[in-house]
Amino acid sequence: MSAKSTTVRYWLFKSEPKVFGIEHLRRKGVATWDGVRNYQVRNLLRSEVRVGDRALFYHSSTKDVGVAGEMEVVSEAFPDPLQFDPKSDYFDKGSTKAAPRWLAVKMKYLRTFKRLVPLAELRTDQQLKNMRTLVRGNRLSITEVTKSEYEKICLLGNAV
DNA sequence: GCCAACGTTGGC
DNA sequence: GCCAACGTTGGC
């Protein structure tokens, strides 16, 4: 078999750790990244995010905001089950199984950094301060990062 | 809890 | 298709 022809891409996924943090993912090993309810992000999951891509796990809306670790995409996009569950906060009565509106992917835990890389540090680092994730007004819960940005953040996270 | 900034909705 | 009102995100 030939190697995959597509190049690995790098992403940053945001989540509120009170709802689902990297410790939840570590315990599960593989988890469904669900609850995406933004069309731009849905389109990324459908058309851009691929099996084998890497992603930084970013903790948002919490005391210590920043990048907590790494994970890997292990499934193509599939319909987010929560959109069909009337008991879920993510239920969408306008979505049907024939034409699902929202997508999810499965993510695999890779590692938790030795130290959380704080948002403030991303903003001041010369190599990172232009990350799309940090652009003022950005509200996407998934943004692409460059390989060099990704690797720099891993270095910062694994430094003592 | 505040608030800036963006996304979504719906009347027209 | 415009745009005001409302809802959500997310840092602080």
Per-nucleotide protein contact string for nucleotides 4-12 of chain C, where B marks a base within reach and S marks sugar-phosphate only (heavy atoms under 4.0 Å, - for neither): ---BBSBSS
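Grouped by direct or indirect side-chain proximity (heavy atoms under 4.5 Å, Ile/Leu/Val/Met/Phe/Trp/Tyr only), A:V135 sits alone.
Partners of A:F84 according to the ring-ring contact (aromatic ring centres under 6.0 Å, His included) rule, which considers only residues two or more places apart in sequence or in another chain, do not exist here. Under the rule for a side-chain contact (heavy atoms from CB on, under 4.5 Å), the partners of A:L116 that lie at least two apart in sequence or sit in another chain are A:H59, A:D64, A:A68.
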Pair up each side-chain donor or acceptor in residues 11-21 of chain A with any protein partner under 3.5 Å, not counting sequence neighbours, and list the distances.
unit_1 : atom_1 : unit_2 : atom_2 : d
A:W11  : NE1    : A:D53  : OD2    : 2.9
A:S15  : OG     : A:F20  : O      : 2.6

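Applying the ring pair (Phe, Tyr, Trp, His ring centres under 6.0 Å) test to pairs two or more places apart or on separate chains, those with a residue in residues 90-136 of chain A are A:Y39-A:W102.
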